[in-house]
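Scroll down for the structure; my scribbles are underneath it.
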Amino acid sequence: MDLDQQIQALIENAPQDGQTPEIVAAIAPALKALAMQLHHSEYYILQTLDRRWLVTTLSNRAKPSLEKQVIYGFPTLKDATNAAYAPRDSQAIALPVPAIHILFQLTAIEKVDSLVFFETPNQLGSGTEVRREEIQNLIRTQLKQYRESLPGSKPRNIPSDIA
């Protein structure tokens, strides 16, 4: 499924309350811009049997009191199941999740600081980090533009010498 199809599926699966699909469509450019920086259109996410994503706590080596919560995205099922990050019990599974959906979900998982996407199969030494704060800032910008474009929104008088 390409990124546009993923966005369309997200919009179609949003609550049909007359507002949410429009909001999802409004933030879609931000999600797509981030997803285009990734190498894969879907990643395998480690999950519990009830489909909760597994969160890993990382500690700073120099300052062990500094921690962050991350979710890993793996390029292949083999990488996900063989990774040192994968629990060795049968209570965890790895399922493919579209990249757009992963980015969208991160906005709702408050206890997670970042997503780490591993881009190259069999090479889990480094990954691409997408911080939750980065996604939220992009979405805020998109929502602001969306609100300003709505009928009845008042244009703001911006001074010509602002720059």
To the nearest 0.5 Å, what is the distance between CD on Q8 and CD1 on I11? 5.0 Å

How about T57 and E67: does a side-chain donor come under 3.5 Å of a side-chain acceptor? no

Partner of R132 under side chain to side chain contact (heavy atoms under 4.5 Å, CB included), chosen from Q69, K68, E110: E110

Q105 side, atom CD; L115 side, atom CG - distance, nearest 0.5 Å: 10.5 Å

Point-to-point distance, once rounded to the nearest 0.5 Å, from CG of L38 to CZ of F118: 13.0 Å

Say you draw a straight line from CG of L95 to CG of L46; how long is it, rounded to the nearest 0.5 Å? 9.5 Å

Give the C-alpha distance, both sets of side-chain angles, the deciding distance and a yes or no for side-chain contact (heavy atoms from CB on, under 4.5 Å) between I27 and T107. CA-CA 12 Å; I27 67 171; T107 64; over 6 Å; no

Give me the ring orientation class for H40 and Y43: parallel if the planes are under 30° apart, tilted from 30 to 60°, perpendicular past 60°. perpendicular

Shortest non-hydrogen separation from G127 to V116 and the atoms involved: CA-CG1, 4.1 Å

Same cluster or not: M36 versus V97, using hydrophobic residues (I, L, V, M, F, W, Y) connected whenever any side-chain heavy atoms lie under 4.5 Å apart? yes

Please give me the minimum heavy-atom distance between P21 and P15, naming the atom from each residue. CD-O, 3.2 Å

As a quick check of understanding, evaluate side-chain contact (heavy atoms from CB on, under 4.5 Å) for Y72 and D79, giving each step before the final call. CA-CA 11 Å; Y72 291 110; D79 287 323; over 6 Å; no

Evaluate the criterion side-chain contact (heavy atoms from CB on, under 4.5 Å) for residue pair Q6 and L10; output intermediate values, then yes/no. CA-CA 6 Å; Q6 291 178 27; L10 201 60; over 6 Å; no

Output yes when a side-chain donor or acceptor of Q145 lies under 3.5 Å from a complementary backbone atom of Q142, and no otherwise. no

Using every non-hydrogen atom in the two residues, find where A35 and L103 come nearest and quote the distance to one decimal. N-CD1, 3.6 Å

Other residues, nucleotides, ligands: >12 heavy atoms within 6.0 Å of Q16 CD: yes

Closest non-hydrogen atoms of V130 and F117, given as atom of the first, atom of the second and distance, are CG2-CE1, 3.8 Å

Kindly work out whether a path of hydrophobic side-chain contacts (I/L/V/M/F/W/Y, heavy atoms less than 4.5 Å apart) joins L150 to I23. yes

I need the minimum non-hydrogen distance between Q19 and D17, along with the two atoms involved. N-OD1, 2.9 Å

Roughly how far, to the nearest 0.5 Å, is CD1 of I45 from CD of Q47? 7.0 Å

What distance separates Y44 OH from L77 CG, expressed to the nearest 0.5 Å? 5.5 Å

Please test D113 against V70 for side-chain contact (heavy atoms from CB on, under 4.5 Å), starting from the C-alpha separation and ending with a verdict. CA-CA 6 Å; D113 300 301; V70 302; 5.6 Å; no

Quick one: do M1 and L31 end up in the same hydrophobic cluster if we chain Ile, Leu, Val, Met, Phe, Trp and Tyr together by side-chain heavy atoms under 4.5 Å apart? no

